[in-house]
Amino acid sequence: MFLHLIVIAWLYVAVMMAVAEATNTNGSLLGAIVTFVLYGLLPMGIVGYILSTPARRRARRAREAAEDGSDQPAPEPTGSVAPDQGGEAPADAPVAPVRKED
């Protein structure tokens, strides 16, 4: 919902800039189109793509879970693993620190 509000508001501003460009005495219709594309469509396309990434990821995981036939949703990633929880055995003996010789 927040993403849609940002996109609609910014496109409104870009349309108003394009109208001002087209109706100005020194402006042109080509300048208005370029203004709308460069200040409106291009930035909002990039922002919309970046901000909708989590929703696309959730949809992909749900689709993959449905293809696997499992009824439970895919687990969300929890972030990094806590130290010493990696499942590897500790080293046999501690290694002495290397000192700089005088």
Side-chain angles (χ1 to χ4, degrees):
M1 178 67 182
F2 182 67
L3 169 67
H4 300 301
L5 183 64
I6 291 173
V7 171
I8 291 169
W10 188 259
L11 287 178
Y12 175 77
V13 170
V15 165
M16 290 297 110
M17 290 173 60
V19 168
E21 174 74 26
T23 58
N24 190 2
T25 56
N26 293 333
S28 66
L29 189 59
L30 179 62
I33 293 170
V34 169
T35 298
F36 181 68
V37 170
L38 293 181
Y39 287 127
L41 292 180
L42 185 65
M44 285 301 101
I46 293 169
V47 168
Y49 181 78
I50 291 172
L51 292 180
S52 65
T53 299
R56 288 194 317 271
R57 186 176 297 138
R58 280 191 303 271
R60 187 185 73 228
R61 286 188 182 139
R63 186 178 60 243
E64 289 173 354
E67 289 174 358
D68 292 341
S70 64
D71 294 333
Q72 57 187 357
E76 290 291 325
T78 58
S80 63
V81 177
D84 296 327
Q85 298 295 319
E88 295 182 18
D92 290 338
V95 179
V98 178
R99 294 183 179 207
K100 184 177 178 181
E101 293 189 25
D102 297 323

How many angstroms lie between atom [atom1] of [X] and atom [atom2] of [Y], to the nearest 0.5 angstrom?
{"X": "Y49", "Y": "R56", "atom1": "OH", "atom2": "CZ", "value": "4.5 Å"}
{"X": "D68", "Y": "R63", "atom1": "CG", "atom2": "CZ", "value": "11.5 Å"}
{"X": "L30", "Y": "T35", "atom1": "CG", "atom2": "OG1", "value": "9.0 Å"}

key: Distance-minimising heavy-atom pair for L11 and F36   =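 Distance-wise, the nearest heavy atoms are O-CE1, 4.2 Å.
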task = Measure across A22 and A32 and return the closest heavy-atom pair with its distance rounded to 0.1 Å.
result =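 For A22 versus A32, the nearest heavy atoms are CB-CB, 3.7 Å.
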Is there a path of hydrophobic side-chain contacts, each under 4.5 Å between heavy atoms, that joins [X] and [Y]?
{"X": "M16", "Y": "W10", "result": "yes"}
{"X": "I6", "Y": "M17", "result": "no"}
{"X": "V7", "Y": "Y12", "result": "yes"}
{"X": "L42", "Y": "V47", "result": "no"}
{"X": "I33", "Y": "V13", "result": "no"}

task = Measure from the side-chain N and O atoms of S52 to the backbone N and O of A55, and report whether any donor-acceptor pair falls under 3.5 Å.
result =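 No, the answer is negative, given that no donor and acceptor are paired below the 3.5 Å cut-off.
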